[in-house]
Participant: 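Have a look at the structure that comes next, please.
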Amino acid sequence: MNRQTTQGGHADGTVGKALEVMDRVAARGRPVRFAELLAESDHPKATLYRLLQTLTSQGMLAYDEARQTYAPGLRLVRLAHAAWQQSSLAPIARPYLDALSEQVGETIHLAQMDQGQVLYVDKRNARRPVEMFSEAGKIGPGYCTGVGKAMLAFLPPDDRAKAVNMQSFFAHTAHTLTTPQALTEELAAIRAAGVSFDREEHEPGIICIAAPILSSAGRVMGALSITASTQRNTLDGLERLRPALTETAEKIVEAAETWQFPD
């Protein structure tokens with residue numbers, strides 16, 4: 001279970017418990033019944049019911065009486081939209097992603113980091129779209145994606161070590177790095193090179209080059225990638241697109257620091 005804890009190791013009171021319940025409802029991706037939530041909850045039945053009632057009365061969850069299911073409420077949706085607009089790089093980066101997409105013709109990803117994992121915040125499809133995992137709003141692994149490794153590599157050392165320990169190291173393909181040591185060595189190489197590559201590490205036949213989006217103080221703000229299929233491009237071919245990639249990342253930084261993300 002992924003729970004926010006205090007130094008004493010306990011959930012952060014009623015607020016922490018309520019957020020945990022909202023996370024579980026949202027993670028289902030569909031309306032969920034009380035019995036399903038109870039089956040995977042550490043809370044007693046009465047506590048879980050009380051939390052659900054409070055969240056529903058506050059509009060954070062919606063209850064369908066006919067189907068007896070819970071789903072994210074309109075108030076939560078409004079808050080999520082506001083948070084997306086104010087904290088995501090997507091609104092700032094939009095024109096630069098459009099320009100890069102037009103220039104290179106391949107899939108473009110914009111991502112930020114959340115708890116050591118990748119949150120895809122925007123995407124531009126290739127001129128000839130390729131089916132792949134990533135979509136805006138999806139969470140992906142940090143250790144086996146180009147954008148994930150680009151961000152992990154440039155975290156402060158202590159934060160990087162913690163993030164490496166959060167990875168699952170599941171072998172998605174024969175090329176996936178599956179140990180902390182292998183990933184740590186790869187991240188050192190990425191810091192030296194300035195860019196990262198996905199060498200079919202997350203999905204067979206999908207490769208990318210990625211660059212971190214770093215503030216002027218070196219803080220990781222996100223990452224940007226150019227992604228292609230092995231059927232129509234190569235790692236060497238993507239390497240030739242590095243100048244366009246890094247120039248776009250720099251433009252996003254400049255726009256972000258003058259608008260929303262001061263250090």
Side-chain angles (χ1 to χ4, degrees), residues 89 93 96-97 100 104 106-123 132-134 139-228 230 233-253 256:
L89 281 173
Y96 308 107
L97 299 188
L100 181 61
V104 304
E106 297 287 5
T107 302
I108 309 300
H109 291 117
L110 178 69
Q112 292 178 260
M113 184 144 280
D114 182 21
Q115 299 292 315
Q117 306 304 309
V118 168
L119 171 62
Y120 292 99
V121 297
D122 210 348
K123 178 180 180 180
M132 62 185 75
F133 167 84
S134 58
I139 298 288
Y143 67 100
C144 59
T145 56
V147 285
K149 291 189 296 180
M151 290 186 284
L152 288 171
F154 288 90
L155 290 175
D158 288 348
D159 292 342
R160 183 167 62 246
K162 291 176 184 176
V164 168
N165 288 331
M166 291 178 181
Q167 307 305 311
S168 67
F169 293 108
F170 174 79
H172 292 274
T173 76
H175 302 283
T176 307
L177 300 175
T178 56
T179 66
Q181 180 180 351
L183 177 60
T184 299
E185 292 173 357
E186 171 85 348
L187 298 180
I190 291 167
R191 286 194 300 278
V195 296
S196 67
F197 291 92
D198 177 348
R199 305 174 182 88
E200 298 185 75
E201 295 162 51
H202 188 213
E203 298 179 87
I206 301 297
I207 55 176
C208 89
I209 181 172
I213 299 173
L214 304 175
S215 73
S216 57
R219 178 171 60 86
V220 175
M221 300 166 65
L224 182 69
S225 71
I226 300 172
T227 304
T230 54
N233 214 325
T234 64
L235 292 171
D236 286 341
L238 292 178
E239 169 66 37
R240 288 192 285 274
L241 300 177
R242 179 201 286 235
L245 177 71
T246 55
E247 181 181 349
T248 302
E250 290 167 2
K251 289 178 178 177
I252 293 172
V253 169

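Values below: all heavy atoms of this structure, side chains included; hydrogens, waters and symmetry mates excluded.
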Participant: Is any side-chain heavy atom of L100 closer than 4.5 Å to one of L224?
Facilitator: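 A side-chain contact exists here, since the closest heavy-atom pair is under 4.5 Å.
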
Participant: Return the minimal non-hydrogen interatomic distance between L238 and C208, and the atom names on each side.
Facilitator: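 The pair with the smallest heavy-atom distance is CD1-CA, 3.5 Å.
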
Participant: Are L187 and V164 close enough that some pair of their side-chain heavy atoms sits under 4.5 Å apart?
Facilitator: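 L187 vs V164: side chains touch.
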
Participant: Kindly compute the distance separating CG (D198) from CD (E203), expressed to the nearest 0.5 Å.
Facilitator: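 D198 atom CG to E203 atom CD measures 8.0 Å (nearest 0.5 Å).
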
Participant: Determine whether more than 12 heavy atoms belonging to other residues, nucleotides or ligands lie under 6.0 Å from atom CG of N165.
Facilitator: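 Yes, enclosed.
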
Participant: With a 4.5 Å limit on heavy-atom distance, are the side chains of T246 and V195 in contact?
Facilitator: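 Yes, their side chains come closer than 4.5 Å.
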
Participant: What are the two closest heavy atoms between E239 and I209, and how far apart are they?
Facilitator: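 Residues E239 and I209, closest heavy atoms: CA-CD1, 4.1 Å.
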
Participant: Where do M221 and R219 land on the side chain to side chain contact (heavy atoms under 4.5 Å, CB included) test, with the steps shown first?
Facilitator: CA-CA 6 Å; M221 300 166 65; R219 178 171 60 86; 4.1 Å; yes

Participant: Closer than 4.0 angstrom, basic N to acidic O: yes or no for E186 and R199?
Facilitator: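 Counted as a salt bridge, because a side-chain N and a carboxylate O are separated by less than 4.0 Å.
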
Participant: Could you state the interatomic distance from CE (M166) to CG (L152), rounded to the nearest 0.5 Å?
Facilitator: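 The CG atom of L152 is 10.0 Å from CE of M166, to the nearest 0.5 Å.
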
Participant: Evaluate the side-chain proximity of F169 to P141: yes if any heavy-atom separation is below 4.5 Å, no if none is.
Facilitator: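 When only atoms from C-beta onward are counted, F169 and P141 do not touch, as no gap falls below 4.5 Å.
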
Participant: Closest approach of V118 and A111, non-hydrogen atoms and distance?
Facilitator: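 The pair with the smallest heavy-atom distance is CG1-CB, 3.7 Å.
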
Participant: Starting at OG1 of T184, measure out to CD of Q181 and round the result to the nearest 0.5 Å.
Facilitator: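 Answer for the OG1-CD pair, T184 versus Q181, is 8.0 Å.
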
Participant: Checking side-chain polar atoms at under 3.5 Å, does H109 have a donor or acceptor matched by the opposite partner on T227?
Facilitator: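 Present: a donor and an acceptor within the cut-off.
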
Participant: Examine distances only and state if a side-chain atom of Q112 and a backbone atom of L89 form a donor-acceptor pair shorter than 3.5 Å.
Facilitator: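 Flag set: sc Q112 to bb L89 pair under 3.5 Å.
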
Participant: Any non-hydrogen side-chain atom of D159 less than 4.5 Å from a side-chain atom of F154?
Facilitator: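 No, every pair of side-chain atoms sits at 4.5 Å or beyond.
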
Participant: What is the minimum heavy-atom distance between A210 and S225, and which atoms define it?
Facilitator: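 Taking every non-hydrogen atom into account, CB-CB, 3.8 Å.
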
Participant: Starting from the C-alpha separation in whole Å, work towards a yes-or-no answer on side chain to side chain contact (heavy atoms under 4.5 Å, CB included) for E106 and N233.
Facilitator: CA-CA 10 Å; E106 297 287 5; N233 214 325; 3.3 Å; yes

Participant: Mark yes or no for whether S196, through its side chain, and I190, through its backbone, hold a donor-acceptor pair below 3.5 Å.
Facilitator: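 Not confirmed, S196 side chain does not pair with I190 backbone.
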
Participant: So how far is it from M151 CE to L214 CG, rounded to the nearest 0.5 Å?
Facilitator: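 Separation between the atoms: 11.0 Å.
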
Participant: Rounded at 0.5 Å granularity, tell me how far CD in E201 sits from NZ in K149.
Facilitator: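 Spacing of CD (E201) from NZ (K149) equals 3.5 Å.
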
Participant: Return the minimal non-hydrogen interatomic distance between L235 and I207, and the atom names on each side.
Facilitator: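 Distance-wise, the nearest heavy atoms are N-CD1, 3.8 Å.
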
Participant: So how far is it from I252 CD1 to E247 CD, rounded to the nearest 0.5 Å?
Facilitator: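 Answer rounded to 0.5 Å: 11.5 Å.
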
Participant: Between M132 and T107, is any pair of side-chain heavy atoms under 4.5 Å apart?
Facilitator: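 Yes, at least one pair of side-chain atoms sits under 4.5 Å.
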
Participant: Report yes or no: does T248 contribute a side-chain atom to a donor-acceptor pair with the main-chain N or O of Y96 at less than 3.5 Å?
Facilitator: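 No, T248 side chain to Y96 backbone: no donor-acceptor pair under 3.5 Å.
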
Participant: Going by the angle between their ring planes, with limits at 30° and 60°, are Y143 and H172 parallel, tilted or perpendicular?
Facilitator: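 Y143 vs H172 ring planes: tilted.
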
Participant: Taking side chain as C-beta onward, heavy atoms only, is V147 less than 4.5 Å from L110?
Facilitator: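 No. Closest side-chain heavy atoms not under 4.5 Å.
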
Participant: Between C144 and T176, which heavy-atom pair has the shortest distance, and what is it?
Facilitator: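 Nearest pair, atom of C144 first, then T176: CB-CG2, 3.9 Å.
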
Participant: For residues Q117 and D114, determine if any side-chain heavy atom of one lies less than 4.5 Å from a side-chain heavy atom of the other.
Facilitator: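 They are not in contact (no side-chain heavy atoms under 4.5 Å apart), so the answer is no.
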
